Amino acid sequence: MSESVPGISPEVFAPAEAPVSPKQASEEVEFVQLLTPEGERVEHPDYSFDLDDDAIKGFYRDMTLVRRIDTEATALQRQGELGIWASLLGQEAAQIGSARALNSKDMVFPTYREHGVAWCQGVDPLNLLGLFRGVDQGAWDPRDNNFHLYTIVIGAQTLHATGYAMGQQRDHVIGDAENGEATIAYFGDGASSQGDVNEAFIYASVFNAPVVFFCQNNQWAISEPIDRQTRIPLYQRAAGFGFPGVRVDGNDVLATYAVTQAALRRAREGSGPTFVEAYTYRMGAHTTSDDPTKYRLSEDLEYWKLKDPIERVKAYLIRSGATDNNFFDSVETEADEIAAKLREGCLSMPDPVLTDFFQHVYVDQTPQLDEQKAQFAAYAASFEGEGH
């Protein structure tokens with residue numbers, strides 16, 4: 001076949017090699033790193049972390065509290081209090097580092113796993129649980145925290161983000177790297193294969209939109225490994241669309257902050273989009289309906305536990321003498337208090353009035369919706385008195 005296509009190497013048509021384990025792949029990856037898994041600060045020629053140890057202590061607190069929220073939500077789902085939950089276990093540094101690089105005017109378009117970003121934007125974690133409990137469709141107003149509603153449709157938020165960024169352009173709120181506005185869109189490695197994401201890349205590039213595409217490459221699109229999504233590093237795809245891409249150690253909160261900060265500044269000043277690939281690992285299941293033991297090796301998980309994003313920050317703080325055990329104990333106490341309030345709030349949520357959902361489709365109710373609402377109410381009433 002290749003011989004009939006002049007100028008194209010036969011290797012182009014060769015079948016993909018056997019899957020490479022995440023452990024093997026990670027040993028060959030080059031990325032921006034400022035804090036090693038052992039907690040040692042390192043330098044990078046293009047990026048630097050310019051905050052002090054108090055800020056790093058803040059990152060540690062953020063990541064620890066978010067992990068505790070995540071653990072409590074998983075427990076609530078296992079106990080039948082949530083319909084499903086999408087864990088962020090292992091991705092705390094990618095989310096906290098990138099979110100803390102945002103200014104108060106930047107806009108966030110998340111997937112359904114950005115609990116750490118929601119935390120940094122001031123969204124009440126209880127609102128996240130309301131969505132997964134099924135009592136609402138997202139109870140926060142995106143205008144209050146510059147954090148849009150969770151997006152279940154894989155990759156669709158990248159188009160929304162690009163459109164919003166083009167609006168920022170037309171509102172003339174860019175041009176200032178520090179005080180201007182930008183947009184950031186979060187998605188995973190699996191979503192990078194979606195048409196919506198690639199279409200967003202095209203629009204963002206052609207219109208030079210002030211948007212950062214932040215990909216959390218956690219190695220698995222549910223049960224599909226990264227080598228089934230791409231044959232080149234994900235960040236290199238950006239070049240084909242005409243804008244820069246960079247790969248960062250997604251388990252390094254310092255590097256993630258520095259790289260995202262640079263990308264956002266670039267967007268705000270009017271230099272266009274950037275693709276950031278945060279190379280991390282999903283240490284838990286895709287969601288609580290998933291069983292990762294069926295498709296990945298336990299040795300890979302154990303390998304990545306050694307790269308835990310929280311433990312490396314703790315190691316640095318201890319090594320540098322920036323804090324003591326009183327600080328770590330206080331954070332753990334705070335985490336337990338938040339978890340207790342979260343559980344109490346979840347269990348006390350009132351059941352929704354299901355017909356209310358019809359009120360949130362259009363501003364003015366249509367005859368068709370009135371009819372559908374009446375039909376649904378009659379259907380629901382048919383179960384009354386039958387033990388349901």
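Just so it is clear, the model here is predicted, and its values are computed rather than measured. Residue numbers start at 1 and run along the sequence shown.
- In this structure, Tyr281 has its ring center no closer than 6.0 Å to that of Tyr303.
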Worked check of side chain to side chain contact (heavy atoms under 4.5 Å, CB included) between Val42 and Thr36:
CA-CA 7 Å; Val42 292; Thr36 70; 3.7 Å; yes
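- Taking CZ from Arg282 and CG from Asp290, the interatomic distance works out to 5.5 Å, rounded to the nearest 0.5 Å.
- Considering every non-hydrogen atom in both Asn103 and Gly180, the closest pair reads ND2-O, 3.0 Å.
- For His115 and Tyr150, the distance between ring centers is under 6.0 angstrom.
- No side-chain N or O of Gln95 forms a donor-acceptor pair with one of Arg100 less than 3.5 Å apart.
- Salt bridge annotation for Arg247-Glu30: absent, with no cationic side-chain nitrogen under 4.0 angstrom from a carboxylate oxygen.
- A heavy-atom distance below 4.5 Å is not found between the side chains of Thr111 and Thr151.
- Rounded to the nearest 0.5 angstrom, Gln261 CD and Thr256 OG1 are separated by 12.5 Å.
- Other residues, nucleotides and ligands contribute more than 12 heavy atoms inside 6.0 Å of the CD atom of Gln79.
- At a threshold of 4.0 Å, the pair Lys57-Asp52 does not count as salt-bridged, since none of the basic side-chain nitrogens sits closer than that to a carboxylate oxygen.
- Shown here for Thr355 and Phe376, the closest heavy-atom pair between the two residues is CG2-CD2, 4.1 Å.
- Here Arg265 pairs with Glu178 in a salt bridge; the nearest charged N to carboxylate O distance falls below 4.0 Å.
- Using a 3.5 Å distance cut-off with no hydrogens or angles, the side chains of Gln168 and Thr183 do pair a donor with an acceptor.
- Ser348 contributes atom OG, which lies 7.0 Å from atom CG of Leu126 (distance to the nearest 0.5 angstrom).
- Here the two rings, on Phe214 and Phe187, have centers that are 6.0 Å apart or farther.
- Side chains of Arg67 and Pro309 form a contact here, defined as non-hydrogen atoms less than 4.5 Å apart.
- Residues Met63 and Val313 come closest through the heavy atom pair CE-CG2, 3.6 Å.
- Considering OH of Tyr47 and CD of Gln33, their distance stands at 15.0 Å, rounded to 0.5 Å.
- Considering every non-hydrogen atom in both Val211 and Ala165, the closest pair reads CB-CB, 3.9 Å.
- A salt bridge is defined here as a Lys NZ or Arg NE, NH1 or NH2 lying under 4.0 Å from an Asp or Glu carboxylate O, and Asp176 with Arg268 fails to meet this definition.
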Please determine whether side chain to side chain contact (heavy atoms under 4.5 Å, CB included) holds for the pair Gln359 and Leu369, giving the CA-CA distance in whole Å, both sets of side-chain angles, and the decisive distance to 0.1 Å.
CA-CA 9 Å; Gln359 305 300 124; Leu369 274 179; over 6 Å; no
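- Between Val248 and Glu277, the closest side-chain pair of non-hydrogen atoms is not below 4.5 Å.
- With values rounded to the nearest 0.5 angstrom, Glu72 atom CD is found 10.0 Å from Ile69 atom CD1.
- Taking each heavy atom of Gln229 and Glu224 in turn, the nearest pair found is NE2-CB, 3.7 Å.
- Atoms CG and CG, from Asp196 and Leu159 in turn, are 4.5 Å apart once rounded to the nearest 0.5 Å.
- Remark: Glu43 CD is loosely packed, at most 12 non-hydrogen atoms of other residues, nucleotides or ligands lying under 6.0 Å away.
- The aromatic rings of Tyr164 and His148 sit perpendicular, their planes meeting at an angle over 60°, well past the 30° parallel limit.
- Residues Lys305 and Glu302 are paired through a salt bridge, judged by an N-O separation under 4.0 Å between the basic side chain and the carboxylate.
- Side-chain contact of Trp140 with Asp124: a donor-acceptor pair under 3.5 Å is absent, judged by distance alone.
- Clustering ILVMFWY residues whenever any of their side-chain heavy atoms sit less than 4.5 angstrom apart, transitively, puts Ile318 in the very cluster that holds Leu34.
- Using a 4.0 Å cut-off between a side-chain N of Lys or Arg and a carboxylate O of Asp or Glu, Arg61 and Glu334 qualify as a salt bridge.
- At least one side-chain heavy atom of Asp249 sits less than 4.5 Å from a side-chain heavy atom of Arg312.
- With respect to the salt-bridge test (charged N to carboxylate O, under 4.0 angstrom), the residues Lys105 and Glu181 do not qualify.
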Go through the steps to decide whether Leu254 and Phe59 satisfy the test side chain to side chain contact (heavy atoms under 4.5 Å, CB included), and finish with yes or no.
CA-CA 9 Å; Leu254 307 190; Phe59 289 163; 4.1 Å; yes
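- With a 4.5 Å cut-off on side-chain heavy atoms, Trp85 and Thr287 do not count as touching.
- A donor atom on one side chain and an acceptor atom on the other are not found under 3.5 Å apart for Gln194 and Glu199.
- Taking the ring centroids of Phe275 and Phe213, they lie at or beyond the 6.0 Å cut-off.
- Side-chain atoms of Asp50 and Ser48 include no donor-acceptor pair closer than 3.5 Å.
- Screening Asn251, Asn218, Asp252 for a side-chain hydrogen bond (donor to acceptor under 3.5 Å, both in side chains) involving Thr280 leaves a single residue, Asn251.
- Looking at Val108 and Leu102, their side chains come closer than 4.5 Å, going by heavy atoms from C-beta outward.
- Scanning both residues, Ala182 and Ala267, for their nearest heavy atoms gives CB-CB, 3.8 Å.
- Using a 4.5 Å heavy-atom threshold, the side chains of Ile174 and Gln169 count as touching.
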Apply ring pair (Phe, Tyr, Trp, His ring centres under 6.0 Å) to residues Phe328 and Tyr60 and explain how you reach the verdict.
CA-CA 9 Å; Phe328 299 118; Tyr60 176 86; 5.2 Å; yes
Would Asp336 and Thr333 count as a side chain to side chain contact (heavy atoms under 4.5 Å, CB included) here? Give the steps.
CA-CA 5 Å; Asp336 289 341; Thr333 299; 5.8 Å; no
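- Hydrophobic clustering places Ile96 together with Phe49 (ILVMFWY residues linked when any side-chain heavy atoms are closer than 4.5 Å, directly or through intermediates).
- For the pair Ile184/Asp106, no side-chain contact is recorded, criterion being any heavy-atom separation below 4.5 Å from C-beta on.
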Begin from the C-alpha positions of Glu81 and Arg133 and carry the test salt bridge (charged side-chain N to carboxylate O under 4.0 Å, His left out) through to its verdict.
CA-CA 7 Å; Glu81 301 299 339; Arg133 188 172 169 88; 2.9 Å; yes
Under the side chain to side chain donor-acceptor pair (under 3.5 Å) rule, what do Tyr316 and Asp53 come out as? Steps first, then yes or no, please.
CA-CA 10 Å; Tyr316 166 75; Asp53 284 347; 2.7 Å; yes
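- Between Phe109 and Tyr186, the distance separating the two ring centers is not shorter than 6.0 angstrom.
- For Phe201 and Phe243, the distance between ring centers is under 6.0 angstrom.
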